[in-house]
4 protein chains.
Amino acid sequence: MNHSKTEINNIQIAYIGGGSRGWAWGLMSDLALENKLSGTVKLYDIDYRAASKNAEIGNRLSKREDVSGKWNYEAVETIEDALIGSDFVIISILPGTFTEMESDVHLPEEYGIFQPVGDTVGPGGMIRALRTIPIYAGFAEKIRDFAPDAWVINYTNPMTLCTRTLYEVFPEIKAIGCCHEVFGTQKLLASMLEEVKWISNVNRRDIKVNVLGINHFTWIDQASYQGIDLFPLYREFVDRNYEEGFEGSEKNHWMNNHFASAQRVKFDLFRKFGLIAAAGDRHLAEFMPNNWYLKDLQTIQNWKFSLTDVSWRIQNQQKLAAQSDRLVNGKESFEINPTGEEGIDMIKALLGLEELVTNVNMPNHGQMGNIPTNSVVETNAIFGRDSIKPVLAGELPPEINNLVMRHVLNQETTLQAALQQDNEMAFRAFANDPLVNLPPHQAKELFNKMLENTKAYLPV
Amino acid sequence: MNHSKTEINNIQIAYIGGGSRGWAWGLMSDLALENKLSGTVKLYDIDYRAASKNAEIGNRLSKREDVSGKWNYEAVETIEDALIGSDFVIISILPGTFTEMESDVHLPEEYGIFQPVGDTVGPGGMIRALRTIPIYAGFAEKIRDFAPDAWVINYTNPMTLCTRTLYEVFPEIKAIGCCHEVFGTQKLLASMLEEVKWISNVNRRDIKVNVLGINHFTWIDQASYQGIDLFPLYREFVDRNYEEGFEGSEKNHWMNNHFASAQRVKFDLFRKFGLIAAAGDRHLAEFMPNNWYLKDLQTIQNWKFSLTDVSWRIQNQQKLAAQSDRLVNGKESFEINPTGEEGIDMIKALLGLEELVTNVNMPNHGQMGNIPTNSVVETNAIFGRDSIKPVLAGELPPEINNLVMRHVLNQETTLQAALQQDNEMAFRAFANDPLVNLPPHQAKELFNKMLENTKAYLPV
Amino acid sequence: MNHSKTEINNIQIAYIGGGSRGWAWGLMSDLALENKLSGTVKLYDIDYRAASKNAEIGNRLSKREDVSGKWNYEAVETIEDALIGSDFVIISILPGTFTEMESDVHLPEEYGIFQPVGDTVGPGGMIRALRTIPIYAGFAEKIRDFAPDAWVINYTNPMTLCTRTLYEVFPEIKAIGCCHEVFGTQKLLASMLEEVKWISNVNRRDIKVNVLGINHFTWIDQASYQGIDLFPLYREFVDRNYEEGFEGSEKNHWMNNHFASAQRVKFDLFRKFGLIAAAGDRHLAEFMPNNWYLKDLQTIQNWKFSLTDVSWRIQNQQKLAAQSDRLVNGKESFEINPTGEEGIDMIKALLGLEELVTNVNMPNHGQMGNIPTNSVVETNAIFGRDSIKPVLAGELPPEINNLVMRHVLNQETTLQAALQQDNEMAFRAFANDPLVNLPPHQAKELFNKMLENTKAYLPV
Amino acid sequence: MNHSKTEINNIQIAYIGGGSRGWAWGLMSDLALENKLSGTVKLYDIDYRAASKNAEIGNRLSKREDVSGKWNYEAVETIEDALIGSDFVIISILPGTFTEMESDVHLPEEYGIFQPVGDTVGPGGMIRALRTIPIYAGFAEKIRDFAPDAWVINYTNPMTLCTRTLYEVFPEIKAIGCCHEVFGTQKLLASMLEEVKWISNVNRRDIKVNVLGINHFTWIDQASYQGIDLFPLYREFVDRNYEEGFEGSEKNHWMNNHFASAQRVKFDLFRKFGLIAAAGDRHLAEFMPNNWYLKDLQTIQNWKFSLTDVSWRIQNQQKLAAQSDRLVNGKESFEINPTGEEGIDMIKALLGLEELVTNVNMPNHGQMGNIPTNSVVETNAIFGRDSIKPVLAGELPPEINNLVMRHVLNQETTLQAALQQDNEMAFRAFANDPLVNLPPHQAKELFNKMLENTKAYLPV
Ligand SMILES: [Mg+2]
Ligand SMILES: [Mg+2]
Ligand SMILES: [Mg+2]
Ligand SMILES: [Mg+2]
């Protein structure tokens, strides 16, 4: 890297999963908007053609006059090529294909288990983890061997276990997991300020929150805006909107496909537990016992959130593939929009250009009380030059911690089971998931079927 | 106390719950058989008449020629009278009456929740805890004020929370909780030695085990007899008896009314988790998810254990009351039988007469890994003069620890809820119990009914 | 308090030690320069006349046109009057008088022990602690009873033990200890940038450092300026200046009376241990074994730092008393100068007006590894609305941690000794201080003399 | 191994350092007296001839009619030959030769540092550690590769660092360190019972003690004999003997060459700290600051303990070599005496033949509070079949813990320095030892000379 006082050039980013349409295009868009950074992005993907197309799209973009962040995009054929010399590694992959995801999300429905997302916990999240962990173990080894000093930013789910695996295999890795769910809750609080206090256009970054929990099941126990305590306001806001729900804005952003969630789960959790759950309702519902918010389709409809059918994902993917071709051959012009993700801000902070405080997934070294050491937790952290230091977030009230711990311990078991390829151990975690509310023999039957459907991606 | 080289006289024991028939008579029997100790037992009970009758029974016994341990029994009207000057405090009470227990055990059946015992976890155990914790908080204060140096031995359930409450209110207390469930498992291993190895008449004390877990949900991860590793033998034993179960002996002991348990739950847990669960099947089943062993009456019958109807307890109580009268007026002679409990051995060890290693419930100060500090756990400990030091028992495999932790955290929440009289908090623990497999509104309805039924014993 | 969007009025500050000249005048100066805050400062001092004079000086100042921060100053006769209603409590006292300090600093010289400051560790720091801890225990009780929700900012030495005592007596207190020594090291690094890199006018706040240790014995293991790693530069800087030392600027600031320190101790510690010690040399030397930097006067002269004679403090005090009178009667005009302290920034951040990251002394809840829980450590923390959250600073290399731990443990012993008024225990800490390099009987003799000299301030 | 009900045959013991005269002959003696065990001892030594002679001596012994424990002794040429197939590994070596020990013990005298033993801490202990740690790292690798399931019993000093190194290099090792110093203190307490209470012939094993600390600097905070608290008696005993000291028995045992220690250091530590220090005075003095008990020869004489001159060790070694030849050729008959060591009892317990509670050196997993995890501590442990479980010993009072921690942290630094071959780091530990009361440049000079004298045994 070359440092000048205010710009840094020749940065090298390795993008693993660089053939993706959503995340890769988002990165290009954000990089295009940032004039203090430049360098090369090496795109690696098991689908090399997709990575090549993205390189083409990216390089076209860099040539445009309206683009201030000029980057060189290069598709590479091996992960080593991407990693060698990289300052940052971004990982955003689809573990397996939509065929596996179809089984993860929808097969459990035959057993009465509905999953709005199915990529984090629940039967879908667990089976997804079993095929993702070996892939991430491989990434960790490659990073250890070819880019041990690079900062690694992960966007793939299951976020906690992806990040956890990286550290388990290469403990000295400098890796974090990033997710925008907390940002969504900050935006909800900004909307609340408008509704309750007629303060409009509040930037979500000015909503200061203390975050603690695990990814997609994070909680906020302190929130303020310019000296105003937001908790009393939120209580009023929840009371006002509890029955009908609150229809937030930004609902149709491609990266954040929440469909119609009305925040009712979030409001109900606030009433029952007193803290602000800081993820979308579709995620939150999956962490609670099966018969709270996901008992049956009627219950789900009452709570006003949607299930994301994998068939939609497949259709969307086809649409994006067509769009990719149009972007490559210039029939469509790349639309530059800030994603709202913080990846670029993090990179700037890690380069020493600015200080950043935001929430991030990292191994617990004390930032969260009453959670085992090394389990990956989500709290605030301060980013500075080559340094991310978590903030002491405190601890959750015992009843919430209890719910969180059940998943933390299940995830630790899942990690070991995947690394040791011990299906019996994996099943013990599976059977203990709050959504798997089945007698053992039925749970085993479901587990075996799901495992069979993902076996192409399991080590032999 | 007066020490001579081999005997200790003038020991004073305070017996709280001293009007009981089962436990008090058991103590009298064990004291009568022990010739190295003598002194006074002060019997305190909210039913003073029952305590008085027991004093009469005990003093009659001490006069008999065939009795070597001569003790003076005295009923007292206040707990202070019992505590002042005591060297040891034994607590064995019924929290509330059988009316409350009837609700604890049987009301949940209306919601499809069956409980074989209902005094430890599950809806029954939790509601029982809510009324017991305030009573024990009171005991702790009295002990702090009137017998701070005495050793306190608790036999009441819920064992973990009774012991936990004593320490929470008076952290310097010298208290332990004692339970014979592990002894039963040692006896099972002795029976196994006979069946598998034709070694007969093995004393359960010669079965050396490493114990770790929480009361009634303890586990054994090492077991040996004279240099023989018992784990391979147990695996063979389980294989041989898995389908039909193993009918143990001692099944009709009055203090240990297991009725017909065939150890099938224990065998199944061994197959699924690899360790020996060290409590009776009726207890173990209550700690697991509802639809494992307690889904419905047919499931229960298949697993071959019984539910203890409270009506049986009521009848049995009436029989014992009649027997008490006969013992008082001499129409029946007190039958001296060793109970198999270790209270007297513990007292001897604490007086310095012998060294004793046995399992005991105490706050976790590191004896068990991956369990929060101060939560009450059950492990081995060494007893010496005025000293009980837990042994480092290690940690459970993550999947079992996971199951244990759910209860540990629920119990901590229950403790705080009871001490702060916070019913909302108590409900959050209740709804999280593995047996309470209900939608929140039904769980709340059940909770409210059960709470109503125990309200006579809750602080106002 | 009244919040508007950008200003906060009616803030109430209790100033304990409000009769002081240095610190109180500094606060007035800083408040006068800050236009977003206003309210009342209640000045409490055991010397009520001195507090009254300061009130007069402060109110005069508020009337001046060139002053943008308008505050009302009020001398009060009791600490309760100061505390009731306060949002913030500032404590800056002299524990005892200069007579006691004379003994603390100079009596050990008879035993060959030289102390440049004598207020933190060493025989002087320890005896000072013994009389300060009971005073602070009293403050903690008053704050608990009259201002439990106020934020408490302590400036008094021994900083660690003052802050530690507040938390020991009132664990829920919201208190921090503040010291400018790290700022001095940031300024040294800014000077270094000028010397080594010709980058001038760097603001010390832009020197980003990771701080860890205990007050006056803190260390920096990461330092950067706008993406530049300062460690290689510092190594070069030390090599260049090791023999002659580096004469820093700002040496004559009244609040920061370092006299002529040439940073040679700091440079030597860097060479020996590899990290940047982040306090003045006069403080640092006191934490190391006696025969490293303080063996005799010649050694001290070689290392180029001064001993602060208490007679100088007495003279200075007299000068300030005279100046106080001139300020009260208007013969001299109050000179407004920013002190460089961060108290006002902290208050603004705690009110939610801005986010602040700075170093602070707080009980260890995990922010520093390998140091006992609850011992007061100095690390960075994030200040936000009603919230100070320490940053996970990591841990020191074992050899440095070793040196730090000796003082941490000594301080814990001193705390308990002072609270329990156990002079034998206090002596055990005293004899273990690295400067007390004496046979036990001589150490005891010195201890007893010093204790005698401070007895007017010890509880009876 | 072949188990019968009461005997175990075909045990294989690897003896590393099997050419030694003292320890090897002691083992032979103890094995000869034990009729429940038999098997083979493989003697490995870098001096193969010495091992061969010992094999000859051992096999001669086994043939004698008066010997009930019949063992086969075999000298082997490689450590692998000794380890393969072994059930137990005993390590007792001299790291380096007496030439190195001469430098360790006596060179520091030129700098005014006197060391009675010089093998544990102090300059001698540290330099000895630097050459011993690499040897033990090698042992650990061999054990990992050739006897990973064997139990390893170490007798070599520095005990703590030898044991610590084994675990650092092979964390799954089953190793303990054994030392008889605590036994000596139990014997002192037995003698006390005779003097104070006229109770004679008390077996030291019946003196029950709670042990906590690090090897040669262990402490007893509870001691009893058959229900009698020994602390009040010890206080009386110390008062009676403080000035003159107490001349213990057993002073001329070859294995335990204490010469004339009068327990005055132990008595003084009791007066100053309130606990019973549980090692010989010669060891204890080395852990305290230089000017407490070792200031000069006069001070040492006043405290009534001896310095062990290495020249005596050399003479003694020559005598033993001559005796070895006589034993080999039958000119002298081997005298069977129980050593008082517990190695054989430990082996019997680990084989499941008996339960044993005794003190042992193991990594801290919570058995001792306020000491870092994994540092080797000495506490009681329960030995059972293939199992050693430490007892929760509690924690030392802060002032004593402080003294212990200084050595614990120094030892951790020494370990890392030795493994990383980082002499600068090693020096930082050296300069921080309480006996090294020197200015840094003198400390460095001494360190360099001592290191030079041991360089033949350092890795290159
Ligand atoms: Mg996400
Ligand atoms: Mg029980
Ligand atoms: Mg300071
Ligand atoms: Mg020894």
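The sequence lines fix the lettering, A, B, ..., with proteins before strands; numbering per chain opens at 1.
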Hey, what do you get for CZ (B:F430) to CD (A:E399), rounding to the nearest 0.5 Å? 15.5 Å

Closest-packed option against chain A by number of heavy-atom pairs under 4.5 Å, given B:P398, B:P440, B:P434, B:A429: B:P440

When rounded to the nearest 0.5 angstrom, what distance separates CG in A:N437 from CG in B:N437? 3.5 Å

Part of B:N402 within contact of chain A (heavy atom distance under 4.5 Å): both

Is it the backbone or the side chain of B:N290 that comes under 4.5 Å from a heavy atom of chain A, or both, or neither? neither

Which answer fits B:P439, side chain, backbone, both or neither, if we ask what part of it has an atom under 4.5 Å from a heavy atom of chain A? both

With a 6.0 Å cut-off (strictly less than), is the heavy-atom count around CD of B:Q420, excluding the residue itself, greater than 12? yes

Check each atom of B:R428 against the heavy atoms of chain A and say whether the ones under 4.5 Å are side chain, backbone, both or neither. side chain

From A:E412 atom CD to B:N370 atom CG, the distance as rounded to the nearest 0.5 Å: 9.5 Å

Among B:M405, B:Q442, B:M425, which has the most heavy-atom pairs under 4.5 Å with chain A? B:M425

Smallest separation among heavy atoms of B:L438 and A:N291, with atom names: O-OD1, 3.2 Å

Non-hydrogen atoms of chain A under 4.5 Å away: do they reach the side chain of B:I400, the backbone, both or neither? neither

